[in-house]
Asks: 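Below you'll find the structure I mean.
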Amino acid sequence: MSKVRTRFAPSPTGRMHVGNLRTALYAYLIARHAGGDFILRIEDTDQERKLEGAEQIIYNTLDKAGLHHDEGPDKDGGVGPYIQSERQAQGIYLEYAKKLIEKGEAYYCFCDQERLDTLKVKSGDVTISHYDKHCLQLSPEEVQAKLDAGVPYVIRQNNPTEGTTSFCDEIYGEITVDNLELDDMILIKSDGYPTYNFANVVDDHLMGITHVVRGNEYLSSTPKYNRLYDAFGWEKPVYIHCPLITDEDHQKLSKRKGHSSFEDLLEQGFLPETIVNFVALLGWSPGGEQEIFSLKELEEIFDYTHMSKTPAVFDMKKIAWMNGEYIKAMDFDRFKDLAMPYVTETIHREMNFDKILSMVKTRIELFTEIPGHIDFFEAVAEYDVSMYKHKKMKTTPETSWKVLKEILPVIEAQDNFENDALYEMLVAFAKEHEYKNGYVMWPVRTAVSGKQMTPGGATELMELLGKEESIKRIQDAIAKLEAETPCQD
RNA sequence: GGCUCCAUGGUCAAGUGGUUAAGACACCGCCCUUUCACGGCGGUAACACGGGUUCAAAUCCCGUUGGAGUCACCA
């Protein structure tokens, strides 16, 4: 058995779609698991769609995800170049296309767009077209004459119109199609560049790729690729087609819903390791009950024969949960590094940020939630006095007003503003007045925060706020209650 | 529309002829608790349908329905 070699072959057209990322991940995992090579190849044969900087995005994404390649444009492994435009400049594709022409497996086509348009037919709500082999009838002399005259041409694959073609996919099993379905697809475009279909086959062979890992959308065109392998007399690779990833409505992932690309997800506050972990489990399962896996663990246990055949919905709720798990398990220093930008953009005064962060750590799933949890430290936002009403605590704006007035002098007399001391003080106060703890804590916490929920309890917040600010906020709350509560005694 | 593929709870999924049909997310309830969260415990919820084959079918076969992919000088 030869060494396993897989490749990831993205087009530099923008951010990396999560479906693409998963394909990369699986290709990487299959190679690593088998002790093989993972190759990066850039497929930039579409000069129109090529995007400035997109290549860098590919490198960044792969790097952040931890998917390090063994060979690629920046790491020569002897079968380069690894960028298709460079390979095309060397004439590789044209050379192989001509070999096919010699064998009668391909032919020149001079049809212009106008003629091609006449071949289009409407079927249902889509227009489809199937080339009619028109140029196959041209004699060698006619072809040469047109070539000499400089008529633009493409090179097409010459597929049979009878019989069937089969291939075996590792996930989906044997698939057979009627040769009549096989269009004479274009191998070399009129601009001289190869199409994906052709470049892919030539490069996979030349680069010694043993396992072709790609999206399900290529399943139906694979027979055509196999005919190419046969025409060349090359050994066919193992095919592993991955099921699709869809949104909640079972449609292709869309930019609007925010989960289209790796970078979008990063911007939304997801950790790279969360994304990798989550995406690994979309379409594959290790079988056990563990759900949190490091990339290292995945490399060890990944077994592509357990991949599923059904498309998977990208569940934002579950990936958010998973991100929360990663955050909770993260060591504090790293959490602080990642979280501080969100803190400093929200709070502009000196505070004990470590304490604030440790309170926030168990309460968030996304880093972007941090400002919403801590903004009240900066200033109490406008809030409704109905917030003082709590059924379980048996509080209302009126009782809160009363309690706050009663406790204000006690707090003013309090010198030790550490959490434990404050807590003791409030509990003692409650006991003395025969109040339930919550009956006192709820109004105090609401007064100092103006929020329904906070990352800590009343006394924790007061400790962080400090005596002066705490008292000021309680005074403000009393004034607010007096002004806005309809009935006071 | 042709072709191809697919079909276990709302979602991700285990399951490969005999199981009380796992587990996770979400949802609900209870407990913990100075709110919320965390944590703990429990609950609702699935084999698309119809025929076969078999002593026995979520598992095998056929059909129906439903869904997806594809049908470019895009990849």
Asks: Hey, does the side chain of A:N159 reach the backbone of A:D183 with a donor-acceptor pair shorter than 3.5 angstrom?
Replies: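 Side chain of A:N159 to backbone of A:D183, a donor-acceptor pair under 3.5 Å: yes, one is there.
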
Asks: Is there a Watson-Crick or G-U wobble partner for B:C12 with both distances under 3.5 Å, and which nucleotide is it?
Replies: B:G23

Asks: Atom CD1 of A:I245 and atom P of B:G69: how far apart are they, to the nearest Å?
Replies: 13 Å

Asks: Grab the CD1-C1' distance between A:I171 and B:U4 for me, whole Å please.
Replies: 16 Å

Asks: Going by the rule ring pair (Phe, Tyr, Trp, His ring centres under 6.0 Å), which residues pair with A:Y153 if we only count those two or more places apart in sequence or in a different chain?
Replies: A:Y108

Asks: Across all strands shown, which nucleotide pairs with B:G66 by Watson-Crick or G-U wobble geometry, both distances under 3.5 Å?
Replies: B:C6

Asks: Verify the distance criterion only: is there a donor paired with an acceptor across the side chains of A:N277 and A:Y326 at less than 3.5 Å?
Replies: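 On atom types as modelled, these side chains qualify, holding a pair under 3.5 Å.
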
Asks: Counting any heavy atom closer than 4.0 Å, what does A:S449 reach on the DNA or RNA strands: base, sugar-phosphate only, or nothing?
Replies: nothing

Asks: Aromatic ring centroids of A:Y383 and A:F376 under 6.0 Å?
Replies: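 No: the rings miss the under 6.0 Å criterion.
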
Asks: Restricting to pairs with a member in residues 437-465 of chain A, which pass ring pair (Phe, Tyr, Trp, His ring centres under 6.0 Å), not counting sequence neighbours?
Replies: A:H390-A:W442, A:Y435-A:Y439

Asks: Taking NZ from A:K309 and P from B:U59, how many angstroms apart are they, rounded to a whole number?
Replies: 14 Å

Asks: Given atom CG of A:N216 and atom P of B:G69, what is their separation to the nearest angstrom?
Replies: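 Atom-to-atom, A:N216 to B:G69, this comes out as 9 Å.
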
Asks: Do the ring centers of A:Y26 and A:W284 come within less than 6.0 Å of each other?
Replies: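 No: the rings miss the under 6.0 Å criterion.
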
Asks: Any strand is fair game: report the nucleotide pairing with B:U35 by Watson-Crick or G-U wobble, both distances under 3.5 Å, or none.
Replies: none

Asks: Using whole Å, report how far CD1 of A:I292 lies from C1' of B:C25.
Replies: 11 Å

Asks: Is it true that the side chains of A:N226 and A:Y239 contain a donor and an acceptor less than 3.5 Å apart?
Replies: yes

Asks: Watson-Crick or G-U wobble partner for B:U53, using a 3.5 Å limit on both distances?
Replies: none

Asks: Heavy atoms, side chains only, cut-off 4.5 Å: are A:L119 and A:R115 in contact?
Replies: yes

Asks: What interatomic distance, in whole Å, is found between C1' of B:C62 and the corresponding atom of B:U54?
Replies: 16 Å

Asks: What string of B, S and - do you get for nucleotides 32-44 of chain B 5' to 3' if you count protein non-hydrogen atoms under 4.0 Å?
Replies: -BBBBBSS-----

Asks: Work out how far the C1' atom of B:C25 is from that of B:C31, and round it to whole angstrom.
Replies: 22 Å

Asks: In the 5'-to-3' direction, what one-character label does each nucleotide of nucleotides 8-15 of chain B receive under the scheme B = base within less than 4.0 Å of a protein heavy atom, S = sugar-phosphate only, - = no such atom?
Replies: ---SBSS-

Asks: Does the structure show a Watson-Crick or G-U wobble partner for B:A45, both distances under 3.5 Å? Name it, or say none.
Replies: none

Asks: Nearest whole angstrom, please: distance from the C1' of B:G2 to the CG of A:N179.
Replies: 16 Å

Asks: I'd like the P distance from B:G69 over to B:G50, given in whole Å.
Replies: 28 Å

Asks: Please report the distance separating the C1' of B:U53 from the corresponding atom of B:G17, rounded so that it comes out in whole Å.
Replies: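 Those two atoms are separated by 12 Å.
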
Asks: Please determine whether a side-chain nitrogen or oxygen atom of A:Q251 lies at a distance below 4.0 Å from atom OP1 or OP2 of B:A68.
Replies: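 Yes, such a contact exists.
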
Asks: What verdict does the side chain to side chain donor-acceptor pair (under 3.5 Å) test give for A:D184 and A:Y107, after you've listed the backbone C-alpha separation in whole Å, the side-chain angles of each residue and the deciding distance to 0.1 Å?
Replies: CA-CA 9 Å; A:D184 280 359; A:Y107 57 95; 2.6 Å; yes

Asks: Quick one: does any side-chain atom of A:E469 pair with a main-chain N or O of A:G466 as donor and acceptor, under 3.5 Å?
Replies: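 Flag not set: sc A:E469 to bb A:G466 has no pair under 3.5 Å.
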
Asks: Expressed in whole Å, how much space separates the C1' atoms belonging to B:U8 and B:A24?
Replies: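 Roughly 15 Å separates the two C1' atoms.
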
Asks: Is the distance between the ring centroids of A:F278 and A:F314 less than 6.0 Å?
Replies: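 Yes, ring centres under 6.0 Å apart.
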
Asks: Using purine N1 to pyrimidine N3 plus N6-O4 or O6-N4 for Watson-Crick, or N1-O2 and O6-N3 for G-U wobble, both under 3.5 Å, which nucleotide pairs with B:C73?
Replies: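 WC or wobble partner does not exist here.
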
Asks: Could you list the donor-acceptor pairs under 3.5 angstrom formed between side-chain atoms of residues 359-373 of chain A and any protein atom two or more places apart in sequence or on another chain?
Replies:
from   : atom 1 : to     : atom 2 : distance (Å)
A:K361 : NZ     : A:I327 : O      : 3.4
A:K361 : NZ     : A:K328 : O      : 3.1
A:K361 : NZ     : A:M330 : O      : 2.7
A:R363 : NE     : A:M359 : O      : 2.8
A:R363 : NE     : A:P455 : O      : 2.9
A:R363 : NH1    : A:P455 : O      : 3.4
A:R363 : NH2    : A:P455 : O      : 2.7
A:T368 : OG1    : A:Q268 : O      : 3.1
A:E369 : OE1    : A:E365 : N      : 3.1
A:H373 : ND1    : A:E369 : O      : 3.2

Asks: Generate the contact string for nucleotides 70-75 of chain B. Rules: B means base contact, S means sugar-phosphate contact only, - means no protein heavy atom under 4.0 Å.
Replies: SBSBSB

Asks: Between B:U4 and B:G63, how far is it from one P atom to the other, in whole Å?
Replies: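 Roughly 12 Å separates the two P atoms.
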
Asks: Given the C1' atoms of B:A75 and B:A22, what is the spacing between them in whole Å?
Replies: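 One C1' to the other, the span is 40 Å.
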
Asks: If I pick the C1' atom on B:A46 and the same atom on B:A21, what distance separates them, to the nearest angstrom?
Replies: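 The same atom, C1', in both gives a distance of 9 Å.
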
Asks: B:G2 C1' sits how many Å from A:K120 NZ, rounded?
Replies: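 Going from A:K120 (NZ) to B:G2 (C1'), I get 18 Å.
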
Asks: State whether the side chain of A:N323 and the backbone N or O of A:G269 hold a donor-acceptor pair below 3.5 Å, judged by distance alone.
Replies: yes

